[in-house]
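Every chain is numbered from 1 and lettered A, B, ... according to where its sequence line falls, protein lines coming before strand lines.
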Number of protein chains: 2
Amino acid sequence: MAVKGAKSSISQRRVLDAAARIFRDSGYAGTTMRAVADEAGLQAGSLYYHYKGKDELISAVLDSGVSQVATLVKDALAALPATATGRQRIETAIEAHIAAIIAVGDYTLATRRVFGQVPQAIRTRHMRLRDAYGAFWDQLFEDVRAAGEMRPDADLKLCRLFVLGALNWTAEWYKPGAASIHDIAGTFGTLVLDGLLQPAPQPASRGRARAPRGSDHALLSTAAR
Amino acid sequence: MAVKGAKSSISQRRVLDAAARIFRDSGYAGTTMRAVADEAGLQAGSLYYHYKGKDELISAVLDSGVSQVATLVKDALAALPATATGRQRIETAIEAHIAAIIAVGDYTLATRRVFGQVPQAIRTRHMRLRDAYGAFWDQLFEDVRAAGEMRPDADLKLCRLFVLGALNWTAEWYKPGAASIHDIAGTFGTLVLDGLLQPAPQPASRGRARAPRGSDHALLSTAAR
DNA sequence: GTCTATATTCAGATAGAC
DNA sequence: GTCTATCTGAATATAGAC
């Protein structure tokens with residue numbers, strides 16, 4: 001498994017961080033033990049004291065990435081007051097997820113890029129972790145719908161895939177200098193919750209237009225916290 | 001460049017299709033000329049008659065993928081009547097994009113997975129194509145906003161990144177047996193255009209609620225937080 | 001724990017026969 | 001156009017010194 005418990009634990013972590021960066025840049029096959037060792041300030045042979053080989057290394061990177069993100073997002077939601085609205089819960093989850101994947105960007109980008117290339121056995125085992133995190137979002141959406149805040153006709157499974165796909169993509173283009181995580185989350189939250197179009201009545205295009213109505217929507221502030 | 005014009009052109013294409021599949025499954029470094037040759041029904045050495053080497057091969061896969069998608073989406077939009085609403089145009093673009101990336105799935109998945117790993121020079125050159133396609137979507141969004149159909153406050157650049165990120169992700173999980181492309185596009189279109197939440201007034205979560213445009217009601221809940 | 005070897009395997013690319 | 005054969009470099013992983 002990913003965690004070995006014993007061993008030095010600090011060298012262990014240094015090697016894992018280095019591996020995440022190299023896997024991110026070079027992919028699975030492109031990552032050499034030499035490059036990881038260099039990045040960690042070691043010689044190639046020394047890695048084998050900490051990890052049995054390349055496969056155990058990538059496995060640890062994969063699992064560590066999701067676990068960290070899942071923990072950060074769940075903690076953020078748990079910190080909300082019990083009275084939080086569905087809107088607030090989803091907004092919080094969106095911002096926490098973006099913040100998390102950027103905080104552990106080396107791991108999430110590495111995962112994204114190598115996932116299709118790692119050996120089946122590793123991928124299958126890792127998928128359990130990912131699916132559990134997806135189920136967490138499914139539950140969040142279903143709770144909000146059960147509370148009556150959500151359009152009742154949406155296919156929530158598809159919506160979750162859509163939202164997480166978009167959120168994960170942020171790690172690819174986010175640059176510290178540009179839009180802040182808070183602003184990005186605000187824009188995405190409004191898009192996901194309220195949509196792009198004017199809520200004012202529009203001519204319906206074909207069947208699926210919802211009944212328009214002149215309601216007002218909350219405008220997510222883009223002001224700094 | 002990717003296109004050589006001369007040569008056999010049919011073998012050329014067979015090799016390119018094979019390369020897309022292998023790059024998709026094995027990543028950049030993990031793809032061997034031998035594997036591509038196998039997939040194409042050739043011997044390794046024979047590939048070098050069609051492409052100068054691995055780099056020219058990945059370059060061709062990259063460019064061919066975006067080009068095909070861009071063409072399909074632009075054609076779909078061009079086929080709309082001039083009277084089409086912004087909603088219809090965005091819905092059409094969404095469905096066409098999803099259909100396109102699935103139709104050329106080997107290429108788009110390969111691109112997604114190897115992009116971070118190809119040599120800088122190739123990546124930089126290829127980015128011009130991708131950026132041009134992104135600009136096409138930016139223009140679409142801006143046109144719809146200029147027509148007054150869109151919420152005026154959205155950051156359209158961010159929204160475009162969000163939407164394309166989510167759409168591209170569909171190629172990763174789409175399975176022919178499950179939801180149809182049309183249904184997926186319908187769900188995504190509604191999510192992007194109308195949002196997940198009930199259009200009825202909801203308590204604002206943070207920031208201030210937007211001033212109501214219409215004058216037909218005054219139920220403006222105070223910004224709770 | 002980390003080092004310096006080194007064995008073994010396999011990659012990209014070329015040369016020249018057919 | 002496609003083949004076989006081969007050069008050359010580099011990767012994983014191991015062994016054993018420190």
Worksheet item: Mapping B:Arg34 and B:Arg14 to their closest nucleotides on DNA chain D, which lands nearer the 5' end?
Response: B:Arg14

Fill in: Interatomic distance, B:Tyr51 OH vs C:dG12 P [rounded to whole Å]
16 Å

Item to complete: Report which part of the nucleic acid B:Gly45 touches: base, sugar-phosphate, or nothing (heavy-atom distance under 4.0 Å, all strands).
Response: base

Item to complete: Please report, rounded to the nearest Å, how far the C1' atom of C:dG12 is from the NZ atom of B:Lys54.
Response: 8 Å

Item to complete: Could you state the atom-to-atom distance from CE of A:Met33 to P of C:dA7 in whole Å?
Response: 20 Å

Worksheet item: What is the distance from CG of A:Leu57 to P of D:dA13, rounded to the nearest Å?
Response: 10 Å

Worksheet item: Are side-chain N/O atoms of A:Arg125 and A:Ser59 paired as donor and acceptor at under 3.5 Å?
Response: yes

Worksheet entry | B:Tyr48 side-chain proximity, nearest of D:dA13, C:dT14, D:dC3 | C:dT14

Worksheet item: Which nucleotide in the set D:dT2, C:dT14, C:dC3 lies at the smallest distance from any side-chain heavy atom of B:Ser11?
Response: D:dT2

Worksheet item: Which residues pass the ring pair (Phe, Tyr, Trp, His ring centres under 6.0 Å) test with A:Tyr174, sequence neighbours left out?
Response: none

Response to the item:
Between CG of A:Leu47 and P of D:dT14 the distance, given in whole Å, is 13 Å

Fill in: Whole-Å gap separating C1' (C:dA17) and OH (B:Tyr49)
17 Å

Worksheet item: When all nucleic acid strands are considered with a 4.0 Å heavy-atom cut-off, which category describes A:Ser46: base, sugar-phosphate, or nothing?
Response: base

Worksheet item: Looking at C:dT2, D:dA11, C:dT4, which one has an atom nearest to any side-chain atom of A:Gln43?
Response: C:dT4

Worksheet item: How close or far is atom C1' of D:dT2 from atom CG of B:Asp38, stated in whole angstroms?
Response: 14 Å

Worksheet entry | Any donor-acceptor pair under 3.5 Å from A:Gln68 side chain to A:Ser64 backbone | yes

Worksheet entry | 4.5 Å side-chain heavy-atom contact, B:Ile98 and B:Phe188 | yes

Worksheet item: How close or far is atom P of C:dA13 from atom CD of B:Glu56, stated in whole angstroms?
Response: 11 Å

Worksheet entry | Donor-acceptor under 3.5 Å (B:Arg113 side chain, A:Val114 main chain) | no

Discussion item. By nearest atom, which of the nucleotides C:dG12, D:dT2, C:dC3 is closest to the B:His50 side chain?
Written reply: D:dT2

